[in-house]
Number of protein chains: 2
Amino acid sequence: MGKGEETKQAIVDEALELVSKVGLEKLTIGALAGATGMSKSGLFAHFRSKEQLQLQVLAEARERFIEIVIVPALKKPRGEARLRAIFESTLKRWEDELPGGCVFHAVSAELDDQPGPARDYLVETQRALADTLRRAAEIAIEEGQFRKDLDLDQFVFEFGSITAAYHHFGRLLGDPAAEQRAHNMFEGLLARSH
Amino acid sequence: MGKGEETKQAIVDEALELVSKVGLEKLTIGALAGATGMSKSGLFAHFRSKEQLQLQVLAEARERFIEIVIVPALKKPRGEARLRAIFESTLKRWEDELPGGCVFHAVSAELDDQPGPARDYLVETQRALADTLRRAAEIAIEEGQFRKDLDLDQFVFEFGSITAAYHHFGRLLGDPAAEQRAHNMFEGLLARSH
DNA sequence: CTGATAATAGTACGACCGTTCGTGCTGTCA
DNA sequence: TGACAGCACGAACGGTCGTACTATTATCAG
């Protein structure tokens with residue numbers, strides 16, 4: 001990796017941290033330059049547009065999520081154990097990876113009514129995650145752990161609702177019991193899927 | 001209502017619509033002036049600061065939520081019927097009230113890591129809503145509709161998770177089945193509370 | 001070591017930000 | 001009629017935004 005790529009990676013890392021704290025809109029070239037100790041123009045040259053920078057940040061977040069949550073889960077046994085691994089590491093490792101918590105939840109509200117490449121990329125990422133969950137649940141059916149008539153899409157919806165609520169209650173309202181609540185809810189979801 | 005109050009109300013109405021679409025950060029004095037056909041300075045004079053404008057918008061949202069969701073529900077019988085009324089009108093009436101959907105979900109992500117009066121007010125509003133839900137569920141226990149050992153805080157958490165997921169899946173991912181999923185989930189929550 | 005090239009800095013730009021100020025309407029009341 | 005308050009206006013402020021150009025410095029193959 002040449003010097004340029006190295007610097008670019010460092011910028012994106014810093015940017016991701018900023019985004020998780022202040023959101024995509026307030027990720028500013030000037031602020032990012034200050035945080036990295038670079039000049040605005042020197043930093044800007046790596047991306048050529050703010051939109052490109054935003055996309056790179058989202059791509060980095062996606063990569064990290066796969067690395068932190070998905071890859072370790074794939075080493076677990078197929079089915080329920082894998083689902084449980086995804087859930088647990090999403091809550092514990094992924095939400096703590098960045099200072100502002102799950103970056104996808106942080107940006108999804110500000111992109112949901114603002115068409116463009118950034119929104120498209122986020123939606124595609126979320127859909128891919130939903131597919132992964134769906135497939136994992138399907139496997140759990142094949143393995144005989146989940147009942148055969150389980151509604152897979154409903155399962156994915158309810159799974160997603162838990163992490164959304166965890167982010168909302170834990171981060172905005174500061175409820176220290178949010179993690180326990182989310183855990184309870186997930187166990188209930190699993191029990192109903194048997 | 002004097003001319004001033006009338007104009008101010010019209011501005012706040014317009015601002016609320018803007019916020020639900022673009023978020024609190026992008027609610028700009030200039031854009032709002034354009035949308036209302038006023039000059040920046042004339043509009044600004046009504047609030048004296050942007051922070052005040054934001055607070056007025058949040059207050060308006062809170063008032064409308066009470067008017068649209070809470071007040072009608074209070075006319076329903078105590079307990080489960082009331083909870084059902086709150087849920088149904090939150091989904092159908094409240095989410096459709098503004099073009100960008102539930103304004104609380106729209107702004108909570110951008111305020112959760114940004115201390116200040118706006119965040120404080122939002123948190124207080126959400127806590128008040130949570131208390132209302134908690135109380136309604138408590139009544140359902142007293143009425144013998146819910147089981148006596150129901151965990152009230154867990155109930156509120158799960159209730160909130162449904163609307164959060166509805167907003168997320170329906171608005172960002174554009175899932176047309178989100179309403180049905182949310183409905184299913186709510187019925188499940190009620191069934192488990194009996 | 002040198003010359004090409006990549007990486008960064010410097011400077012400037014037009015647009016828009018929140019905010020202030022002075023001014024001119026318009027209607028009320030003495 | 002004259003004084004006055006309420007309301008809205010245009011102009012302008014200092015700042016920051018994203019972005020474009022140009023100059024300087026660092027890197028690295030030959």
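Each chain gets a letter, A, B and so on, in the order the sequences are listed, and its residues count up from 1. All values below were derived from every heavy atom in this structure, side-chain atoms included, with hydrogens, water molecules and symmetry-related copies excluded.
- Across residues 18-29 of chain A, A/L27, A/T28, A/I29 each have a non-hydrogen atom less than 4.0 Å from an atom of DNA chain D (numbered order).
- Look at CD1 on B/I11: it is 11 Å from P on D/dC7, rounded to the nearest Å.
- The separation between A/E51 atom CD and D/dC17 atom P is 19 Å, rounded to whole Å.
- Counting heavy atoms from C-beta on, the side chains of B/L133 and B/F155 never come closer than 4.5 Å.
- Between B/E5 atom CD and D/dG6 atom P there is a gap of 12 Å when expressed in whole angstrom units.
- One atom, CZ of B/R48, and another, C1' of C/dT20, lie 13 Å apart when rounded to the nearest Å.
- In this structure, A/K148 does not pair ionically with A/E142, as no charged nitrogen and carboxylate oxygen lie closer than 4.0 Å.
- Ion pair A/E179/A/K92 flagged as a salt bridge, since at least one NZ, NE, NH1 or NH2 atom sits closer than 4.0 Å to an Asp/Glu carboxylate oxygen.
- Ion pairing of B/K50 with B/E25 is absent here, as no side-chain N (NZ or NE/NH1/NH2) approaches a carboxylate O to less than 4.0 Å.
- A salt bridge is absent between B/D112 and B/R119; no separation between the charged side-chain nitrogens and carboxylate oxygens falls under 4.0 Å.
- At whole-Å resolution of the value, CZ in B/F44 and P in C/dG18 are 9 Å apart.
- With salt bridges taken as basic N to acidic carboxylate O contacts below 4.0 Å, none links B/E88 and B/R93.
- Residue B/T7 places at least one side-chain N or O under 4.0 Å from the OP1 or OP2 atom of D/dA8.
- With rounding to whole Å, B/Q52 atom CD is found 11 Å from C/dT19 atom P.
- Contact of the A/F104 side chain with the A/W94 side chain is registered, since non-hydrogen atoms from C-beta on lie closer than 4.5 Å.
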Using the 3.5 Å cut-off, write out each protein N or O paired with an N or O of nucleotides 10-13 of chain D and the distance between them.
from	atom 1	to	atom 2	distance (Å)
D/dG10	N7	B/S41	OG	3.0
D/dG10	O6	B/S41	OG	2.4

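- Using a cut-off of 4.0 Å between Lys/Arg side-chain N and Asp/Glu carboxylate O, A/E158 and A/R192 are scored as salt-bridged.
- At whole-Å resolution of the value, CE in A/M38 and C1' in C/dA9 are 9 Å apart.
- Atom NZ of B/K50 and atom P of C/dT20 are 15 Å apart (whole Å).
- OP1 and OP2 of C/dA6 both lie 4.0 Å or more from every side-chain N or O belonging to A/H46.
- In this structure, A/R64 pairs ionically with A/E60, as a charged nitrogen and a carboxylate oxygen lie closer than 4.0 Å.
- The side chain of A/A45 sits closest to C/dT8 out of C/dT19, D/dA8, C/dT8.
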